[in-house]
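Predicted model only: the values in this text are computed from it and were never measured. Naming: A, B, ... by sequence-line order, numbering from 1 per chain.
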Amino acid sequence: MRVLGIETSCDETGVAVVDDRAGLLAHALYSQVRLHAEFGGVVPELASRDHVRKLLPLVDQVLAEAGTTPAELDGVAYTGGPGLIGALLVGACAGRSLAWAWGVPAIGVHHMEAHLLAPMLESPAPAFPFIALLVSGGHSMLVEVQGLGQYRVLGETLDDAAGEAFDKTAKVLGLGYPGGPALAQLATAGGPGRLSLPRPMLRRPGLDFSFSGLKTAVIIGIRDLELDEKTRADVAWEFQEAMVDVLVGKSLRAVEQTGIRRLVVAGGVGANRRLRERLTGDAAALGVEVFYPRLEFCTDNGAMIAYAGMLRLKAGEAASSSIEARARWDLETLRPPGASV
Amino acid sequence: MNILALDTAANACSVALLTGEGVIERIETAPRKHAATLLPMAEDCLAEAGLTLKDLHAVAFGRGPGSFTGLRIATSVTQGIAYGAGLPVVPVSNLAAAAVAARRKHGWDQVLAAFDARMGELYAAAYRFDRAGLPVPVRAEALLSPAALLLPDTLGAWMGAGSGFAAWPELGAALGLAGCDPAVEPVARDLLGIAAEAVAGGRTVTAAEALPVYLRDRVAWQGGAGRHRP
């Protein structure tokens with residue numbers, strides 16, 4: 001089975017073709033980050049407008065790179081939610097209509113399900129069950145994954161998402177928007193001892209996160225500091241260590257509580273090098289296997305949508321011609337293909 | 001000539017199919033259901049005509065101005081159908097379609113079409129109908145304040161059509177219009193004449209070139225950005 005995947009839930013237009021035997025055939029991404037940078041955040045109307053312009057050229061490019069003709073496609077998958085409704089509608093309307101015109105089935109994929117399953121595009125791929133740490137600019141959660149469509153949210157953030165905390169702290173340090181990756185880069189030049197930051201909720205039982213206080217602690221902590229380059233790097237280092245301590249600590253706690261000894265990391269913050277380094281080290285010490293998607297599939301992309309959609313299409317699931325996109329869509333309401341809701 | 005037309009720019013979601021035997025149409029007015037109803041309505045029209053996408057010569061869509069999200073629904077569905085079926089596309093102005101709708105309803109020859117664009121502004125354009133019964137723009141479409149709206153300097157009576165005249169009830173009299181109908185709202189059927197003529201004249205675009213025309217291009221202000229990142 002060969003499936004075209006389309007992702008337009010936020011500010012990246014992603015398109016890919018995945019084949020159940022040959023794997024990933026081609027993928028392309030257009031990021032709108034620069035478009036939104038001057039506004040300090042994603043402007044939904046601008047995002048939607050850009051998706052409409054970029055989507056078909058990307059489809060054209062990806063089909064050509066995959067060496068695939070539309071006649072060889074067996075289905076189309078598009079992000080059905082959650083996300084920005086105007087942006088989602090662009091991909092859902094175009095994707096569903098492409099499938100309609102091609103006479104193949106289509107499916108609206110849950111964006112977070114696709115993130116959870118993204119590491120399965122890699123080799124070795126994790127087997128079910130596994131624990132997934134999903135950390136991005138919009139989400140921070142620990143999910144127990146028993147199989148396709150069998151998800152239990154073990155914990156999630158009570159306020160800011162992990163990526164959001166990175167971006168906001170980066171802004172405090174004058175690193176622009178979105179500054180998370182720049183903060184991580186700056187931290188490589190830093191070291192310990194400049195200020196002491198809390199590890200929010202790490203000592204408390206449970207698997208929920210809270211990150212907004214960490215940003216505030218940085219703001220208060222740097223008040224009396226001269227913010228030269230070295231100090232900023234040290235502050236970035238301290239902040240990143242605090243984040244990583246919490247994420248690693250809670251992830252391993254989830255492993256311990258469930259007895260599931262496979263850990264999957266997904267979402268944009270999953271690209272953070274320090275997080276990967278620490279998780280791999282700490283998990284290995286406990287005999288826990290850790291799986292990551294390749295760096296480019298941590299952030300939003302079409303490949304994960306094509307892959308998750310293919311799993312559901314193969315199981316016989318398909319969307320009607322009535323196009324649907326949902327801004328909100330609870331991950332736990334998903335079911336395995338074929339199961340009654 | 002067989003043309004499928006889609007419009008979701010305003011309150012109604014509509015599909016119309018032009019065939020050698022006439023026009024088949026479906027119209028539904030269900031807020032926020034445009035995406036859900038569009039393809040099933042197109043399926044209905046094709047089935048009733050006994051046609052498939054292979055029998056079509058082009059897809060037409062209301063490319064705006066109108067509701068931003070609505071324009072993108074028709075645009076994206078049109079892109080998908082046209083790319084998937086290898087069909088050329090005719091983007092049609094919704095103001096021109098409103099002039100057609102006004103002529104269909106009232107028989108008017110000169111129509112000033114104006115939609116309420118919110119924020120104290122109008123989308124407006126003026127059309128005169130040619131001998132073939134198609135609208136020819138006399139004043140190009142624009143986003144402007146009601147005070148900036150002027151009647152074309154031509155002979156004959158001008159009539160007003162569209163939601164702009166409901167938002168500004170005194171506008172028709174202030175402009176010296178001979179009459180106006182704020183209830184005129186175009187549907188997909190009103191795109192067909194313009195589209196057929198464009199297809200006959202070779203004035204079509206590719207699926208990827210099928211894009212909305214918003215007229216309002218300033219939509220973001222620094223500091224007014226949303227924060228949501230899925």
A.B. asks: Roughly how far, to the nearest 0.5 Å, is CD1 of A/Ile85 from CZ of B/Arg32?
C.D. replies: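 One gets 11.0 Å once the value is rounded to the nearest 0.5 Å.
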A.B. asks: If you count heavy-atom pairs under 4.5 Å with chain A, which of B/Leu87, B/Thr69, B/Ile81, B/Thr78 comes out on top?
C.D. replies: B/Ile81
A.B. asks: Given a strict heavy-atom distance threshold of 4.5 Å, which part of A/Glu324 is in contact with chain B: side chain, backbone, both, or neither?
C.D. replies: neither
A.B. asks: For A/Ser97, does its backbone N or O pair with a side-chain atom of B/Gln79 as donor and acceptor, under 3.5 Å?
C.D. replies: no
A.B. asks: Could you give the distance from OG (B/Ser76) to NE2 (A/His51), rounded to the nearest 0.5 Å?
C.D. replies: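 Reported to 0.5 Å precision, the distance equals 10.5 Å.
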A.B. asks: Taking atom NZ of B/Lys105 as the centre, does the number of heavy atoms from other residues, nucleotides or ligands within less than 6.0 Å exceed 12?
C.D. replies: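 Check passes, neighbour count above 12.
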A.B. asks: Could you measure the distance from the CG atom of A/Leu63 to the OH atom of B/Tyr83? Nearest 0.5 Å is fine.
C.D. replies: 4.5 Å
A.B. asks: Sort out for me which of A/Cys93, A/Pro70, A/Pro57 touches chain B most, counting heavy-atom pairs under 4.5 Å.
C.D. replies: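 If we count pairs closer than 4.5 Å to chain B, A/Cys93 comes out on top.
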A.B. asks: Rounded at 0.5 Å granularity, tell me how far CG in B/Leu38 sits from CH2 in A/Trp100.
C.D. replies: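 Going from CG on B/Leu38 over to CH2 on A/Trp100, the span is 9.0 Å.
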A.B. asks: Taking side chain as C-beta onward, heavy atoms only, is A/Ile323 less than 4.5 Å from B/Val77?
C.D. replies: yes
A.B. asks: Looking only at heavy atoms and a cut-off of under 4.5 Å, which of A/Ala47, A/Gly86, A/Ser48 has the most pairs with chain B?
C.D. replies: A/Ser48
A.B. asks: Does the pair A/Arg53/B/Glu209 count as a salt bridge with the N-to-O cut at 4.0 Å?
C.D. replies: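 Answer for the salt bridge query: no.
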A.B. asks: What distance separates B/Thr8 OG1 from A/Leu89 CG, expressed to the nearest 0.5 Å?
C.D. replies: 10.0 Å
A.B. asks: Just so I know, are the side chains of A/Val52 and B/Pro212 near enough to count as touching, which here means a heavy-atom distance under 4.5 Å?
C.D. replies: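 Yes, their side chains come closer than 4.5 Å.
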A.B. asks: Is B/Leu53 close to chain A through its backbone or its side chain, or both, or neither, when contacts mean heavy atoms under 4.5 Å?
C.D. replies: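 Side chain only.
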A.B. asks: Determine the sole option in B/Leu71, B/Leu211, B/Asp217 for which the side-chain contact (heavy atoms from CB on, under 4.5 Å) test with A/Arg49 is passed.
C.D. replies: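 Considering B/Leu71, B/Leu211, B/Asp217, a side-chain contact (heavy atoms from CB on, under 4.5 Å) with A/Arg49 is found only for B/Asp217.
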A.B. asks: Within a 6.0 Å radius of atom CD on B/Glu21, are there more than 12 heavy atoms belonging to other residues, nucleotides or ligands?
C.D. replies: no
A.B. asks: For B/Leu46, which atoms come within 4.5 Å of any heavy atom of chain A: side chain, backbone, both, or neither?
C.D. replies: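 Side chain only.
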A.B. asks: Side chain from CB out, backbone as N, CA, C, O: work out which of these in A/Val59 comes under 4.5 Å of a heavy atom of chain B, or both, or neither.
C.D. replies: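 Both backbone and side chain.
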A.B. asks: Taking every heavy-atom pair that is under 4.5 Å apart, which of A/Gly81, A/Ala325, A/Ser321, A/Ala94 has the most such pairs with chain B?
C.D. replies: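 The residue among A/Gly81, A/Ala325, A/Ser321, A/Ala94 with the greatest pair count is A/Ser321.
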A.B. asks: For B/Gly80 versus A/Ala101, what's the shortest heavy-atom pair and its separation?
C.D. replies: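 Heavy-atom minimum between the residues: O-CB, 4.1 Å.
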A.B. asks: Taking A/Ser322 for the side chain and B/Ala36 for the main chain, is one N or O donor matched with an acceptor at less than 3.5 Å?
C.D. replies: yes
